[in-house]
Protein chains: 2
Amino acid sequence: MTLPPWKVGELASRTGMSVRALHHYDEIGLLSPSLRTPSGHRLYQQADIARLQQIQSLRLMGIPLEEVKQLLDGAAMSPREVIDLHLARLHEQLALQNRLAERLQALATHLDMVESASIDDLCQIIQVTIAMEKYFTTEQLEVLRERRTSIGDAHMHEVRDEWNEIIPKVRKAITDGVDPASPEIIAIARRWKALVEEFTGGDPKIAQAVRTMYEHEGPTLQQQLGEVPTPDMFAYMGRAFAALEQSSR
Amino acid sequence: MTLPPWKVGELASRTGMSVRALHHYDEIGLLSPSLRTPSGHRLYQQADIARLQQIQSLRLMGIPLEEVKQLLDGAAMSPREVIDLHLARLHEQLALQNRLAERLQALATHLDMVESASIDDLCQIIQVTIAMEKYFTTEQLEVLRERRTSIGDAHMHEVRDEWNEIIPKVRKAITDGVDPASPEIIAIARRWKALVEEFTGGDPKIAQAVRTMYEHEGPTLQQQLGEVPTPDMFAYMGRAFAALEQSSR
DNA sequence: GTAACTCCTCACGTTGCGTGAGGTGCAAGA
DNA sequence: TCTTGCACCTCACGCAACGTGAGGAGTTAC
(Lines give C-alpha, C1' and ligand atoms only; values in the text may rest on other atoms or scores of the structure.)
Protein backbone atom coordinates (compact mmCIF):
# COMPACT_ATOMS: atom_id res chain seq x y z
CA MET A 1 0.00 0.00 0.00
CA THR A 2 1.61 3.19 -1.17
CA LEU A 3 0.45 6.42 0.37
CA PRO A 4 -0.91 9.11 -1.92
CA PRO A 5 1.65 11.80 -2.67
CA TRP A 6 1.34 15.18 -1.00
CA LYS A 7 0.81 18.57 -2.54
CA VAL A 8 2.93 21.52 -1.50
CA GLY A 9 0.46 23.01 0.92
CA GLU A 10 0.02 19.73 2.69
CA LEU A 11 3.72 19.04 2.86
CA ALA A 12 4.32 22.57 4.07
CA SER A 13 1.81 22.41 6.89
CA ARG A 14 3.01 18.99 7.96
CA THR A 15 6.66 19.91 8.05
CA GLY A 16 6.31 23.45 9.27
CA MET A 17 7.94 24.90 6.19
CA SER A 18 6.44 27.63 4.04
CA VAL A 19 5.16 26.92 0.58
CA ARG A 20 7.51 29.56 -0.72
CA ALA A 21 10.49 27.79 0.81
CA LEU A 22 9.53 24.56 -0.92
CA HIS A 23 9.18 26.45 -4.18
CA HIS A 24 12.58 27.93 -3.55
CA TYR A 25 14.13 24.54 -2.91
CA ASP A 26 12.66 23.41 -6.18
CA GLU A 27 14.02 26.43 -8.00
CA ILE A 28 17.57 25.87 -6.83
CA GLY A 29 17.34 22.15 -7.43
CA LEU A 30 17.65 21.22 -3.80
CA LEU A 31 14.34 19.41 -3.58
CA SER A 32 12.31 18.85 -6.72
CA PRO A 33 9.18 16.75 -6.34
CA SER A 34 9.46 13.52 -8.27
CA LEU A 35 5.95 13.92 -9.65
CA ARG A 36 3.74 16.61 -11.07
CA THR A 37 0.08 16.52 -11.96
CA PRO A 38 -0.70 17.14 -15.64
CA SER A 39 -1.62 20.69 -14.72
CA GLY A 40 1.76 21.24 -13.07
CA HIS A 41 0.94 20.87 -9.40
CA ARG A 42 3.85 19.48 -7.36
CA LEU A 43 3.43 16.03 -5.85
CA TYR A 44 5.86 14.93 -3.18
CA GLN A 45 6.43 11.22 -2.56
CA GLN A 46 7.98 9.38 0.38
CA ALA A 47 11.51 9.79 -0.93
CA ASP A 48 10.99 13.51 -1.35
CA ILE A 49 9.70 13.79 2.18
CA ALA A 50 12.67 11.90 3.52
CA ARG A 51 14.98 14.23 1.66
CA LEU A 52 13.15 17.22 3.08
CA GLN A 53 13.66 15.89 6.57
CA GLN A 54 17.35 15.58 5.91
CA ILE A 55 17.40 19.11 4.60
CA GLN A 56 15.64 20.33 7.72
CA SER A 57 18.14 18.55 9.92
CA LEU A 58 21.09 20.10 8.19
CA ARG A 59 19.44 23.53 8.13
CA LEU A 60 18.95 23.29 11.88
CA MET A 61 22.72 23.28 12.06
CA GLY A 62 22.83 26.46 10.03
CA ILE A 63 24.46 24.86 7.03
CA PRO A 64 23.85 26.93 3.88
CA LEU A 65 21.56 25.48 1.25
CA GLU A 66 24.30 25.13 -1.31
CA GLU A 67 26.31 22.92 1.01
CA VAL A 68 23.24 20.96 2.01
CA LYS A 69 22.70 20.27 -1.66
CA GLN A 70 26.27 19.17 -2.23
CA LEU A 71 26.16 16.94 0.83
CA LEU A 72 22.91 15.26 -0.12
CA ASP A 73 23.98 14.89 -3.74
CA GLY A 74 27.09 13.10 -2.57
CA ALA A 75 29.69 15.65 -3.55
CA ALA A 76 33.24 15.40 -2.33
CA MET A 77 32.75 16.56 1.23
CA SER A 78 32.67 14.43 4.31
CA PRO A 79 30.18 15.39 7.04
CA ARG A 80 33.11 15.94 9.35
CA GLU A 81 34.68 18.51 7.04
CA VAL A 82 31.41 20.33 6.58
CA ILE A 83 30.72 20.51 10.28
CA ASP A 84 34.22 21.59 11.15
CA LEU A 85 34.27 24.19 8.41
CA HIS A 86 30.93 25.55 9.47
CA LEU A 87 31.94 25.60 13.11
CA ALA A 88 35.05 27.56 12.23
CA ARG A 89 33.02 30.12 10.29
CA LEU A 90 30.58 30.43 13.13
CA HIS A 91 33.33 31.06 15.63
CA GLU A 92 34.75 33.75 13.40
CA GLN A 93 31.39 35.44 13.24
CA LEU A 94 30.89 35.08 16.94
CA ALA A 95 34.23 36.73 17.59
CA LEU A 96 33.24 39.68 15.41
CA GLN A 97 29.83 39.98 17.01
CA ASN A 98 31.31 39.80 20.46
CA ARG A 99 33.75 42.57 19.67
CA LEU A 100 30.87 44.66 18.38
CA ALA A 101 28.84 43.96 21.48
CA GLU A 102 31.75 44.97 23.69
CA ARG A 103 32.11 48.18 21.76
CA LEU A 104 28.47 48.97 22.07
CA GLN A 105 28.51 48.22 25.76
CA ALA A 106 31.47 50.52 26.23
CA LEU A 107 29.75 53.13 24.13
CA ALA A 108 26.59 52.86 26.20
CA THR A 109 28.46 53.44 29.45
CA HIS A 110 30.31 56.34 27.85
CA LEU A 111 27.00 57.78 26.80
CA ASP A 112 25.85 57.62 30.39
CA MET A 113 28.80 59.73 31.44
CA VAL A 114 27.87 62.74 29.40
CA GLU A 115 24.48 64.32 29.28
CA SER A 116 24.69 65.37 25.64
CA ALA A 117 22.58 63.71 23.02
CA SER A 118 23.83 65.36 19.86
CA ILE A 119 24.95 63.27 16.92
CA ASP A 120 28.28 65.04 16.78
CA ASP A 121 28.95 64.10 20.37
CA LEU A 122 27.88 60.56 19.73
CA CYS A 123 30.38 60.22 16.88
CA GLN A 124 33.09 61.75 19.02
CA ILE A 125 32.37 59.31 21.79
CA ILE A 126 32.50 56.47 19.34
CA GLN A 127 35.93 57.65 18.28
CA VAL A 128 37.05 57.74 21.89
CA THR A 129 35.61 54.28 22.50
CA ILE A 130 37.42 52.87 19.50
CA ALA A 131 40.61 54.70 20.39
CA MET A 132 40.56 53.17 23.86
CA GLU A 133 40.70 49.70 22.33
CA LYS A 134 44.16 50.54 21.08
CA TYR A 135 45.52 51.50 24.48
CA PHE A 136 43.87 49.03 26.83
CA THR A 137 43.60 45.28 26.81
CA THR A 138 40.20 43.67 26.88
CA GLU A 139 40.55 42.86 30.56
CA GLN A 140 41.59 46.40 31.39
CA LEU A 141 38.56 47.75 29.56
CA GLU A 142 36.44 45.37 31.58
CA VAL A 143 37.98 46.67 34.79
CA LEU A 144 37.39 50.25 33.74
CA ARG A 145 33.80 49.50 32.89
CA GLU A 146 33.24 48.03 36.31
CA ARG A 147 34.95 50.95 38.00
CA ARG A 148 32.70 53.33 36.15
CA THR A 149 29.48 51.60 37.07
CA SER A 150 30.56 51.21 40.69
CA ILE A 151 31.53 54.88 40.89
CA GLY A 152 28.10 55.83 39.69
CA ASP A 153 26.72 58.62 37.64
CA ALA A 154 26.55 61.40 40.17
CA HIS A 155 30.01 60.96 41.59
CA MET A 156 31.35 60.70 38.04
CA HIS A 157 30.39 64.30 37.50
CA GLU A 158 32.09 65.35 40.70
CA VAL A 159 35.24 63.66 39.46
CA ARG A 160 35.00 65.48 36.16
CA ASP A 161 34.47 68.76 37.98
CA GLU A 162 37.50 68.15 40.12
CA TRP A 163 39.68 67.48 37.10
CA ASN A 164 38.36 70.66 35.54
CA GLU A 165 39.44 72.48 38.66
CA ILE A 166 42.85 70.89 39.10
CA ILE A 167 44.14 70.91 35.53
CA PRO A 168 43.99 74.68 34.99
CA LYS A 169 45.79 75.16 38.28
CA VAL A 170 48.57 72.86 37.17
CA ARG A 171 48.76 74.61 33.82
CA LYS A 172 49.08 77.95 35.52
CA ALA A 173 51.69 76.60 37.93
CA ILE A 174 53.78 75.41 35.00
CA THR A 175 53.62 78.70 33.13
CA ASP A 176 54.30 80.58 36.35
CA GLY A 177 57.29 78.37 37.00
CA VAL A 178 56.09 77.28 40.44
CA ASP A 179 58.31 74.68 42.11
CA PRO A 180 56.60 71.27 41.91
CA ALA A 181 57.80 70.57 45.41
CA SER A 182 55.97 73.59 46.84
CA PRO A 183 53.21 72.86 49.35
CA GLU A 184 50.30 73.92 47.20
CA ILE A 185 51.43 71.72 44.31
CA ILE A 186 52.00 68.80 46.64
CA ALA A 187 48.45 69.27 47.86
CA ILE A 188 47.27 69.15 44.28
CA ALA A 189 49.43 66.09 43.65
CA ARG A 190 47.67 64.35 46.50
CA ARG A 191 44.24 65.07 45.00
CA TRP A 192 45.49 64.08 41.54
CA LYS A 193 46.76 60.78 42.82
CA ALA A 194 43.51 60.05 44.61
CA LEU A 195 41.55 60.73 41.43
CA VAL A 196 43.80 58.49 39.38
CA GLU A 197 43.57 55.66 41.87
CA GLU A 198 39.84 55.92 42.05
CA PHE A 199 39.60 55.67 38.30
CA THR A 200 42.22 52.99 37.69
CA GLY A 201 41.50 50.95 40.77
CA GLY A 202 45.15 51.37 41.67
CA ASP A 203 46.45 49.39 38.71
CA PRO A 204 49.67 51.08 37.54
CA LYS A 205 49.47 49.46 34.12
CA ILE A 206 46.09 51.06 33.55
CA ALA A 207 47.44 54.39 34.79
CA GLN A 208 50.29 54.12 32.30
CA ALA A 209 47.90 53.20 29.50
CA VAL A 210 45.73 56.20 30.35
CA ARG A 211 48.76 58.43 30.18
CA THR A 212 49.84 57.01 26.80
CA MET A 213 46.34 57.50 25.50
CA TYR A 214 46.19 61.11 26.61
CA GLU A 215 49.54 61.75 24.97
CA HIS A 216 48.36 60.41 21.62
CA GLU A 217 44.71 61.35 21.61
CA GLY A 218 44.71 64.51 23.67
CA PRO A 219 42.84 66.80 21.29
CA THR A 220 40.15 64.28 20.47
CA LEU A 221 39.54 63.49 24.12
CA GLN A 222 39.52 67.10 25.12
CA GLN A 223 36.50 67.81 22.96
CA GLN A 224 34.52 65.23 24.86
CA LEU A 225 35.89 65.42 28.36
CA GLY A 226 36.76 69.05 28.82
CA GLU A 227 40.06 69.62 30.58
CA VAL A 228 42.62 66.94 29.85
CA PRO A 229 46.20 66.56 31.09
CA THR A 230 48.98 67.20 28.58
CA PRO A 231 52.41 65.54 28.44
CA ASP A 232 54.13 68.48 30.14
CA MET A 233 51.64 68.22 33.00
CA PHE A 234 52.47 64.55 33.42
CA ALA A 235 56.16 65.43 33.58
CA TYR A 236 55.54 68.25 36.04
CA MET A 237 53.28 66.15 38.23
CA GLY A 238 55.87 63.38 38.13
CA ARG A 239 58.25 65.69 39.95
CA ALA A 240 55.48 66.69 42.33
CA PHE A 241 54.84 63.02 43.13
CA ALA A 242 58.51 62.53 43.89
CA ALA A 243 58.36 65.45 46.32
CA LEU A 244 55.14 64.02 47.80
CA GLU A 245 56.91 60.71 48.36
CA GLN A 246 59.77 62.45 50.11
CA SER A 247 57.58 64.58 52.32
CA SER A 248 55.48 61.63 53.42
CA ARG A 249 58.54 59.69 54.60
CA MET B 1 42.06 79.71 2.11
CA THR B 2 39.65 76.98 1.14
CA LEU B 3 41.10 73.61 0.24
CA PRO B 4 40.31 72.21 -3.19
CA PRO B 5 37.54 69.62 -3.09
CA TRP B 6 38.40 65.94 -3.48
CA LYS B 7 37.36 63.52 -6.17
CA VAL B 8 36.02 60.11 -5.26
CA GLY B 9 39.26 58.23 -5.77
CA GLU B 10 41.13 60.61 -3.57
CA LEU B 11 38.49 60.59 -0.85
CA ALA B 12 38.34 56.82 -1.03
CA SER B 13 42.06 56.29 -0.63
CA ARG B 14 42.28 58.83 2.17
CA THR B 15 39.43 57.39 4.16
CA GLY B 16 40.00 53.73 3.40
CA MET B 17 36.63 53.33 1.78
CA SER B 18 36.03 51.89 -1.66
CA VAL B 19 34.92 54.07 -4.56
CA ARG B 20 31.96 51.76 -4.97
CA ALA B 21 30.89 52.34 -1.39
CA LEU B 22 30.94 56.09 -1.91
CA HIS B 23 28.90 55.67 -5.07
CA HIS B 24 26.52 53.53 -3.07
CA TYR B 25 26.18 56.13 -0.34
CA ASP B 26 25.40 58.64 -3.05
CA GLU B 27 22.80 56.35 -4.59
CA ILE B 28 20.93 55.85 -1.35
CA GLY B 29 21.20 59.53 -0.47
CA LEU B 30 23.38 58.95 2.56
CA LEU B 31 26.29 61.03 1.33
CA SER B 32 25.92 63.05 -1.86
CA PRO B 33 28.81 65.32 -2.77
CA SER B 34 27.82 68.94 -2.63
CA LEU B 35 29.56 69.66 -5.91
CA ARG B 36 29.96 68.08 -9.31
CA THR B 37 32.21 69.07 -12.19
CA PRO B 38 30.36 70.00 -15.40
CA SER B 39 31.23 66.56 -16.71
CA GLY B 40 29.61 64.94 -13.71
CA HIS B 41 32.63 64.01 -11.58
CA ARG B 42 31.85 64.03 -7.86
CA LEU B 43 33.58 66.69 -5.77
CA TYR B 44 33.58 66.30 -1.99
CA GLN B 45 34.02 69.36 0.21
CA GLN B 46 34.95 69.68 3.85
CA ALA B 47 31.37 69.26 5.05
CA ASP B 48 31.02 66.09 3.01
CA ILE B 49 34.21 64.70 4.47
CA ALA B 50 33.04 65.47 7.98
CA ARG B 51 29.79 63.70 7.26
CA LEU B 52 31.69 60.70 5.91
CA GLN B 53 33.69 60.50 9.11
CA GLN B 54 30.49 60.46 11.10
CA ILE B 55 29.16 57.73 8.87
CA GLN B 56 32.31 55.73 9.41
CA SER B 57 32.04 56.10 13.16
CA LEU B 58 28.47 54.89 13.24
CA ARG B 59 29.23 52.05 10.85
CA LEU B 60 32.02 50.90 13.18
CA MET B 61 29.26 50.25 15.66
CA GLY B 62 27.48 48.11 13.11
CA ILE B 63 24.56 50.46 12.72
CA PRO B 64 22.75 49.84 9.43
CA LEU B 65 23.03 52.52 6.76
CA GLU B 66 19.36 53.38 6.89
CA GLU B 67 19.59 54.23 10.57
CA VAL B 68 22.82 56.11 10.08
CA LYS B 69 21.01 58.19 7.52
CA GLN B 70 18.08 58.90 9.79
CA LEU B 71 20.39 59.77 12.65
CA LEU B 72 22.48 62.18 10.62
CA ASP B 73 19.43 63.70 9.00
CA GLY B 74 18.03 64.42 12.43
CA ALA B 75 15.09 62.05 12.43
CA ALA B 76 13.20 61.30 15.58
CA MET B 77 15.68 58.96 17.22
CA SER B 78 17.97 59.76 20.06
CA PRO B 79 21.45 58.24 20.00
CA ARG B 80 20.60 56.41 23.18
CA GLU B 81 17.63 54.70 21.61
CA VAL B 82 19.57 53.71 18.54
CA ILE B 83 22.42 52.25 20.55
CA ASP B 84 20.15 50.40 22.92
CA LEU B 85 18.03 49.07 20.11
CA HIS B 86 21.05 47.92 18.20
CA LEU B 87 22.57 46.35 21.29
CA ALA B 88 19.38 44.43 21.89
CA ARG B 89 19.34 43.14 18.33
CA LEU B 90 22.95 42.14 18.62
CA HIS B 91 22.35 40.22 21.80
CA GLU B 92 19.50 38.39 20.17
CA GLN B 93 21.71 37.39 17.29
CA LEU B 94 24.47 36.40 19.65
CA ALA B 95 22.10 34.18 21.58
CA LEU B 96 21.07 32.45 18.37
CA GLN B 97 24.64 32.04 17.18
CA ASN B 98 25.70 30.69 20.53
CA ARG B 99 22.96 28.13 20.50
CA LEU B 100 24.03 27.10 17.03
CA ALA B 101 27.63 26.84 18.10
CA GLU B 102 26.65 24.67 21.05
CA ARG B 103 24.68 22.42 18.78
CA LEU B 104 27.53 22.09 16.37
CA GLN B 105 29.95 21.34 19.19
CA ALA B 106 27.66 18.66 20.51
CA LEU B 107 27.23 17.32 17.01
CA ALA B 108 30.99 17.20 16.51
CA THR B 109 31.53 15.17 19.65
CA HIS B 110 28.68 12.88 18.65
CA LEU B 111 30.32 12.42 15.29
CA ASP B 112 33.48 11.35 17.03
CA MET B 113 31.58 8.62 18.82
CA VAL B 114 30.53 6.78 15.71
CA GLU B 115 32.83 5.87 12.86
CA SER B 116 30.21 6.25 10.16
CA ALA B 117 30.38 9.09 7.70
CA SER B 118 27.19 8.64 5.72
CA ILE B 119 24.80 11.49 5.27
CA ASP B 120 21.91 9.49 6.59
CA ASP B 121 23.81 8.86 9.80
CA LEU B 122 24.75 12.51 10.02
CA CYS B 123 21.12 13.57 9.83
CA GLN B 124 20.16 10.95 12.39
CA ILE B 125 22.83 12.22 14.73
CA ILE B 126 21.60 15.74 14.25
CA GLN B 127 18.13 14.59 15.24
CA VAL B 128 19.57 12.98 18.34
CA THR B 129 21.56 16.08 19.17
CA ILE B 130 18.50 18.28 18.84
CA ALA B 131 16.37 15.83 20.76
CA MET B 132 18.83 15.86 23.65
CA GLU B 133 18.28 19.58 24.04
CA LYS B 134 14.75 18.81 25.09
CA TYR B 135 15.71 16.41 27.84
CA PHE B 136 18.83 17.98 29.34
CA THR B 137 19.59 21.44 30.59
CA THR B 138 22.46 23.36 29.10
CA GLU B 139 24.65 22.61 32.10
CA GLN B 140 23.83 18.93 31.94
CA LEU B 141 24.77 18.83 28.28
CA GLU B 142 28.02 20.49 29.20
CA VAL B 143 28.69 17.84 31.83
CA LEU B 144 27.91 15.08 29.37
CA ARG B 145 30.25 16.60 26.82
CA GLU B 146 33.05 16.68 29.33
CA ARG B 147 32.38 13.13 30.43
CA ARG B 148 32.58 12.01 26.85
CA THR B 149 35.87 13.69 26.09
CA SER B 150 37.38 12.48 29.34
CA ILE B 151 36.22 8.93 28.69
CA GLY B 152 37.95 8.98 25.35
CA ASP B 153 37.25 7.46 21.99
CA ALA B 154 38.55 3.95 22.52
CA HIS B 155 36.87 3.34 25.83
CA MET B 156 33.67 4.74 24.41
CA HIS B 157 33.50 1.83 22.04
CA GLU B 158 34.06 -0.62 24.86
CA VAL B 159 31.15 0.96 26.68
CA ARG B 160 28.95 0.62 23.61
CA ASP B 161 30.00 -2.98 23.21
CA GLU B 162 29.16 -3.71 26.79
CA TRP B 163 25.69 -2.22 26.42
CA ASN B 164 25.21 -4.31 23.30
CA GLU B 165 26.09 -7.34 25.35
CA ILE B 166 24.02 -6.56 28.43
CA ILE B 167 20.79 -5.36 26.88
CA PRO B 168 19.99 -8.55 24.95
CA LYS B 169 20.63 -10.52 28.12
CA VAL B 170 18.17 -8.41 30.03
CA ARG B 171 15.63 -8.70 27.26
CA LYS B 172 15.97 -12.44 27.29
CA ALA B 173 15.71 -12.56 31.07
CA ILE B 174 12.46 -10.62 30.91
CA THR B 175 10.89 -12.86 28.27
CA ASP B 176 12.13 -15.94 30.15
CA GLY B 177 10.60 -14.63 33.35
CA VAL B 178 13.87 -14.79 35.28
CA ASP B 179 13.65 -13.40 38.82
CA PRO B 180 15.32 -9.97 38.94
CA ALA B 181 16.75 -10.89 42.33
CA SER B 182 18.57 -13.92 40.92
CA PRO B 183 22.37 -13.83 41.14
CA GLU B 184 23.07 -13.51 37.40
CA ILE B 185 20.69 -10.58 37.07
CA ILE B 186 22.20 -8.90 40.11
CA ALA B 187 25.60 -9.30 38.49
CA ILE B 188 24.24 -7.63 35.39
CA ALA B 189 22.67 -4.90 37.52
CA ARG B 190 26.08 -4.19 38.99
CA ARG B 191 27.62 -3.75 35.53
CA TRP B 192 24.61 -1.68 34.40
CA LYS B 193 24.95 0.62 37.36
CA ALA B 194 28.66 1.07 36.75
CA LEU B 195 28.04 1.95 33.13
CA VAL B 196 25.38 4.48 34.03
CA GLU B 197 27.55 6.10 36.66
CA GLU B 198 30.47 6.34 34.30
CA PHE B 199 28.30 8.07 31.75
CA THR B 200 26.34 10.37 34.03
CA GLY B 201 29.15 11.10 36.42
CA GLY B 202 26.90 9.86 39.20
CA ASP B 203 24.33 12.62 38.79
CA PRO B 204 20.90 11.10 39.42
CA LYS B 205 19.13 13.94 37.61
CA ILE B 206 21.09 13.19 34.47
CA ALA B 207 20.35 9.50 34.86
CA GLN B 208 16.65 10.30 35.13
CA ALA B 209 16.82 12.57 32.07
CA VAL B 210 18.55 9.83 30.11
CA ARG B 211 15.81 7.43 31.07
CA THR B 212 13.07 9.85 30.03
CA MET B 213 14.83 10.43 26.75
CA TYR B 214 15.09 6.73 26.01
CA GLU B 215 11.43 6.31 26.79
CA HIS B 216 10.40 9.01 24.34
CA GLU B 217 13.02 8.68 21.64
CA GLY B 218 13.83 4.99 21.80
CA PRO B 219 13.39 4.10 18.13
CA THR B 220 15.32 7.10 16.85
CA LEU B 221 18.21 6.49 19.19
CA GLN B 222 18.29 2.82 18.45
CA GLN B 223 19.12 3.44 14.83
CA GLN B 224 22.21 5.32 15.84
CA LEU B 225 23.36 3.59 18.97
CA GLY B 226 22.43 -0.02 18.44
CA GLU B 227 20.94 -1.69 21.50
CA VAL B 228 18.95 0.66 23.66
CA PRO B 229 17.09 0.03 26.93
CA THR B 230 13.30 0.06 26.75
CA PRO B 231 10.88 1.12 29.49
CA ASP B 232 10.18 -2.45 30.57
CA MET B 233 13.91 -2.98 31.00
CA PHE B 234 14.11 0.07 33.23
CA ALA B 235 11.29 -1.31 35.33
CA TYR B 236 12.87 -4.75 35.47
CA MET B 237 16.28 -3.40 36.34
CA GLY B 238 14.71 -1.21 38.97
CA ARG B 239 13.70 -4.34 40.82
CA ALA B 240 17.15 -5.82 40.27
CA PHE B 241 18.70 -2.69 41.81
CA ALA B 242 16.50 -3.07 44.84
CA ALA B 243 17.70 -6.66 45.23
CA LEU B 244 21.29 -5.47 44.74
CA GLU B 245 20.82 -2.94 47.54
CA GLN B 246 19.51 -5.60 49.88
CA SER B 247 22.25 -8.10 49.12
CA SER B 248 25.01 -5.54 49.60
CA ARG B 249 23.78 -4.69 53.07
C1' DG C 1 -22.55 26.31 -11.75
C1' DT C 2 -20.09 28.94 -8.93
C1' DA C 3 -17.71 30.33 -4.74
C1' DA C 4 -13.75 29.47 -2.17
C1' DC C 5 -9.45 27.34 -1.90
C1' DT C 6 -5.06 25.93 -3.46
C1' DC C 7 -1.88 25.88 -6.88
C1' DC C 8 1.00 27.85 -10.66
C1' DT C 9 4.69 31.17 -12.52
C1' DC C 10 6.92 35.53 -12.61
C1' DA C 11 9.32 39.09 -10.24
C1' DC C 12 10.67 42.60 -6.92
C1' DG C 13 12.64 43.51 -2.14
C1' DT C 14 15.92 42.68 1.50
C1' DT C 15 21.81 44.46 3.07
C1' DG C 16 26.01 46.58 1.56
C1' DC C 17 28.42 46.75 -1.38
C1' DG C 18 31.92 43.66 -5.24
C1' DT C 19 32.68 43.20 -9.83
C1' DG C 20 32.71 43.77 -14.39
C1' DA C 21 30.85 46.24 -19.02
C1' DG C 22 30.97 49.90 -21.89
C1' DG C 23 31.80 54.66 -22.44
C1' DT C 24 33.82 59.58 -21.27
C1' DG C 25 37.24 63.23 -18.97
C1' DC C 26 41.65 64.70 -18.12
C1' DA C 27 46.74 65.27 -17.60
C1' DA C 28 51.22 64.14 -19.75
C1' DG C 29 54.56 62.41 -23.24
C1' DA C 30 55.74 61.91 -28.58
C1' DT D 1 48.39 68.10 -31.46
C1' DC D 2 47.54 63.47 -30.99
C1' DT D 3 47.61 59.59 -28.35
C1' DT D 4 48.15 56.90 -24.24
C1' DG D 5 46.65 55.66 -19.80
C1' DC D 6 44.38 56.49 -15.69
C1' DA D 7 40.38 58.09 -13.18
C1' DC D 8 35.80 58.84 -13.65
C1' DC D 9 30.86 58.02 -15.10
C1' DT D 10 26.36 55.14 -15.31
C1' DC D 11 23.97 50.88 -15.57
C1' DA D 12 23.21 46.31 -13.89
C1' DC D 13 23.90 41.63 -12.13
C1' DG D 14 25.17 38.90 -7.96
C1' DC D 15 24.82 37.32 -3.19
C1' DA D 16 21.27 34.15 0.90
C1' DA D 17 17.05 32.53 1.74
C1' DC D 18 13.27 33.25 1.22
C1' DG D 19 8.68 37.05 2.05
C1' DT D 20 5.26 39.10 -0.33
C1' DG D 21 2.19 40.31 -3.61
C1' DA D 22 0.23 40.05 -8.73
C1' DG D 23 -2.31 37.77 -12.00
C1' DG D 24 -4.13 33.62 -13.60
C1' DA D 25 -5.56 28.55 -13.64
C1' DG D 26 -6.87 24.03 -11.34
C1' DT D 27 -9.70 21.78 -7.72
C1' DT D 28 -13.29 20.89 -4.58
C1' DA D 29 -17.69 21.48 -2.06
C1' DC D 30 -22.33 22.95 -2.00
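Below, read A as the first sequence line, B as the second, and so on, with proteins coming before strands; counting in each chain starts at 1.
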Just to confirm, is there a sub-4.0 Å distance from OP1 or OP2 of [N] to any side-chain nitrogen or oxygen of [X]?
X	N	result
A/His23	D/dC18	no
B/Arg36	D/dT10	yes
A/Tyr25	D/dC18	yes
B/Arg42	D/dT10	yes
A/Ser39	D/dT27	yes
A/Arg59	D/dA17	yes
B/Ser18	C/dG18	yes

Between [atom2] on [N] and [atom1] on [X], what's the gap in Å once rounded to a whole number?
X	N	atom1	atom2	answer
A/His24	C/dT14	NE2	P	18 Å
A/Arg89	D/dA16	CZ	C1'	12 Å
A/Arg20	C/dT6	CZ	P	19 Å
A/Ile28	C/dT9	CD1	C1'	17 Å
A/Glu67	D/dA17	CD	C1'	14 Å
A/Leu22	D/dG19	CG	P	10 Å
A/Glu27	D/dG14	CD	P	14 Å

Criterion side chain to side chain donor-acceptor pair (under 3.5 Å) on A/Arg20 and A/His23, from CA distance to verdict
CA-CA 5 Å; A/Arg20 177 64 179 110; A/His23 283 180; 5.2 Å; no
Assess whether a salt bridge exists between B/Arg145 and B/Glu142, defined as any Lys/Arg side-chain N lying under 4.0 Å from an Asp/Glu carboxylate O.
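Salt bridge: yes.
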Would you call A/Arg42-A/Asp48 a salt bridge at under 4.0 Å N-O?
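Not counted as a salt bridge, because no side-chain N and carboxylate O are separated by less than 4.0 Å.
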Toward the 5' end of DNA chain C, which comes first, A/Glu10 or B/Met17, by nearest nucleotide?
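Nearest nucleotide further toward 5': that of A/Glu10.
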On DNA chain C, compare the nucleotides closest to A/Asp26 and B/Lys7; which residue's is nearer the 5' end?
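Going by which nucleotide is closer to the 5' end, it is A/Asp26.
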Contact between A/Val143 and A/Asp203 at the side-chain level, heavy atoms closer than 4.5 Å - yes or no?
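Result no, sub-4.5 Å side-chain heavy-atom pair not found.
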Could you check A/Leu30 against A/Arg51 for side chain to side chain contact (heavy atoms under 4.5 Å, CB included), going step by step and ending with a plain yes or no?
CA-CA 9 Å; A/Leu30 174 58; A/Arg51 186 172 168 109; 4.2 Å; yes
Describe the nucleic acid contact of A/Val8 in one word from base, sugar-phosphate, nothing, applying a heavy-atom distance below 4.0 Å.
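A/Val8: backbone/sugar contact only, no base atoms under 4.0 Å.
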Side chain of A/His41 only, heavy atoms from C-beta on: which candidate in C/dA11, C/dC7, D/dC13 is closest?
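Ranking C/dA11, C/dC7, D/dC13 by closest atom to the A/His41 side chain puts C/dC7 first.
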